Amino acid sequence: QVQLVESGGGLVQPGGSLRLSCAASGFTLDYYVIGWFRQAPGKEREGVSCISSSDGSTYYADSVKGRFTISRDSAKNTVYLQMNSLKPEDTAVYYCATDPITLATMRACSRLLPDFGSWGQGTQVTVSS
């Protein structure tokens with residue numbers, strides 16, 4: 001079955017960097033869209049970034065543009081989120097999610113909507129001095 005496992009979270013000082021990993025099993029990422037979402041305490045889940053494996057298109061929330069980079073390693077069947085210049089407001093649980101590529105999921109990916117069927121368990125990112 002489809003399974004996603006996030007890792008790489010932790011405690012980092014403001015201005016620091018982390019790289020999150022989303023390892024997929026039970027399917028090949030080649031025909032999927034994969035998104036990163038986050039949820040801070042008391043807040044709604046928000047889209048951070050998304051990548052389409054069909055053409056490599058990437059999408060970012062305005063709040064992370066220029067600081068975060070999403071990428072995919074087909075050989076490892078893993079998607080990464082490189083996070084630089086981290087801020088306290090980036091503190092949240094980060095989730096990856098995926099679905100097969102369709103018009104609907106491409107739309108969700110481009111708009112960073114959490115309309116995906118498979119989710120990982122999340123990894124905590126805390127940015128604090």
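Source: prediction; values computed, not measured.
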Participant: For Tyr80, which residues count as a ring pair (Phe, Tyr, Trp, His ring centres under 6.0 Å) partner, sequence neighbours excluded?
Facilitator: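 Per chain and number, Tyr80 pairs via ring pair (Phe, Tyr, Trp, His ring centres under 6.0 Å) with no residue.
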
Participant: What's the separation between atom OG1 in Thr91 and atom NZ in Lys43, rounded to the nearest 0.5 Å?
Facilitator: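 Going from OG1 on Thr91 over to NZ on Lys43, the span is 9.5 Å.
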
Participant: Do Leu81 and Val12 share a hydrophobic cluster, counting only Ile, Leu, Val, Met, Phe, Trp and Tyr and linking them when any side-chain heavy atoms are less than 4.5 Å apart?
Facilitator: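 Looking at the clustering, Val12 is in the same group as Leu81.
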
Participant: For Ala40 and Ala92, which heavy atoms make the closest approach, and how far apart are they?
Facilitator: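 What the structure gives for the nearest pair is N-CB, 3.8 Å.
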
Participant: Just do the side chain to side chain contact (heavy atoms under 4.5 Å, CB included) check on Cys96 and Val79 with the steps written out, would you?
Facilitator: CA-CA 9 Å; Cys96 62; Val79 171; over 6 Å; no

Participant: Can Ser54 and Ser52 be said to form a side chain to side chain donor-acceptor pair (under 3.5 Å), step by step?
Facilitator: CA-CA 5 Å; Ser54 63; Ser52 166; 2.7 Å; yes

Participant: If you look at every heavy atom in Thr78 and Ser21, which pair is closest and at what distance?
Facilitator: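 That closest heavy-atom pairing would be CG2-CB, 4.2 Å.
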
Participant: Are Ser128 and Pro88 side-chain neighbours, meaning at least one heavy-atom pair lies under 4.5 Å?
Facilitator: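 Result no, sub-4.5 Å side-chain heavy-atom pair not found.
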
Participant: Do you reckon Tyr31 sits in the same ILVMFWY cluster as Ile34, going by side-chain contacts under 4.5 Å, direct or chained?
Facilitator: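 Shared cluster, yes.
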
Participant: Who pairs with Phe37 by ring pair (Phe, Tyr, Trp, His ring centres under 6.0 Å), at least two apart in sequence or on another chain?
Facilitator: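 Listed in chain order: Phe116, Trp119.
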
Participant: Quick one: salt bridge (Lys or Arg N to Asp or Glu O under 4.0 Å) pairs with a partner in residues 75-103, sequence neighbours left out?
Facilitator: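 Residue pairs with at least one partner in residues 75-103: Arg38-Asp90, Arg67-Asp90.
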
Participant: What are the two closest heavy atoms between Val33 and Met106, and how far apart are they?
Facilitator: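 That would be CG1-SD, 3.6 Å.
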
Participant: Main chain of Ala97, side chain of Ser118: is a donor-acceptor contact present, judged purely on distance under 3.5 Å?
Facilitator: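 Looks like no, no N/O pair under 3.5 Å.
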
Participant: Are the side chain of Thr123 and the backbone N or O of Ser7 linked by a donor-acceptor pair below 3.5 Å?
Facilitator: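 It does not hold such a pair.
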
Participant: Hey, could you give me each pair passing ring-ring contact (aromatic ring centres under 6.0 Å, His included) that has a residue in residues 83-102? Not counting sequence neighbours.
Facilitator: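 Not a single pair qualifies under ring-ring contact (aromatic ring centres under 6.0 Å, His included).
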
Participant: Would you say the side chain of Ser49 lies within less than 4.5 Å of the side chain of Tyr60, judging by non-hydrogen atoms?
Facilitator: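 Side-chain contact under 4.5 Å: yes.
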
Participant: Quick one: does Asp30's side chain have a donor or acceptor within less than 3.5 Å of a partner on Ser74's backbone?
Facilitator: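 Answer holds: no.
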
Participant: Find the distance between SG (Cys22) and CD1 (Ile51) and round it off to the nearest 0.5 Å.
Facilitator: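 The distance works out to 11.5 Å.
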
Participant: Using 0.5 Å steps for rounding, measure from the OG1 atom of Thr98 to the OH atom of Tyr32.
Facilitator: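 Result: 6.5 Å between the selected atoms.
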
Participant: Count I, L, V, M, F, W, Y as connected when their side-chain heavy atoms are under 4.5 Å apart, and connections chain through other members. Are Leu113 and Leu4 then in the same cluster?
Facilitator: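 Shared cluster, no.
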
Participant: With sequence neighbours left out, which residue pairs that include part of residues 100-110 fulfil the side chain to side chain donor-acceptor pair (under 3.5 Å) condition?
Facilitator: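 Every side chain to side chain donor-acceptor pair (under 3.5 Å) pair that includes a residue of residues 100-110, provided the two are not neighbours, is Thr102-Thr105.
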
Participant: For the residue pair Ser129 and Pro14, what are the closest heavy atoms and their distance?
Facilitator: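 Reported closest heavy-atom pair: N-CD, 3.7 Å.
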
Participant: Do Leu20 and Tyr59 share a hydrophobic cluster (ILVMFWY, side-chain heavy atoms under 4.5 Å, transitive)?
Facilitator: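 Unlinked, Leu20 and Tyr59 end up in two clusters.
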
Participant: Tell me whether Ile70 shares a hydrophobic cluster with Leu86, the cluster being built from Ile, Leu, Val, Met, Phe, Trp, Tyr side chains joined at under 4.5 Å.
Facilitator: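 Yes; tracing contacts between hydrophobic side chains, which count when under 4.5 Å, links both residues.
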
Participant: Given 3.5 Å as the limit, does a donor-acceptor pair link the side chain of Asn77 with the main chain of Ala24, or not?
Facilitator: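 Present.
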
Participant: Just verifying a value: how many Å separate Ser17 OG and Asn84 CG, rounded to the nearest 0.5 Å?
Facilitator: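 Going from the OG atom of Ser17 to the CG atom of Asn84 covers 3.5 Å.
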
Participant: Salt bridge (Lys or Arg N to Asp or Glu O under 4.0 Å): which pairs involve residues 2-27, sequence neighbours left out?
Facilitator: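 Counting only pairs at least two positions apart or across chains, no salt bridge (Lys or Arg N to Asp or Glu O under 4.0 Å) contact touches residues 2-27.
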
Participant: Can you check whether Gln82 reaches Ser71 side chain to side chain, under 4.5 Å on heavy atoms?
Facilitator: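 The answer is no; the side chains never approach within 4.5 Å.
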
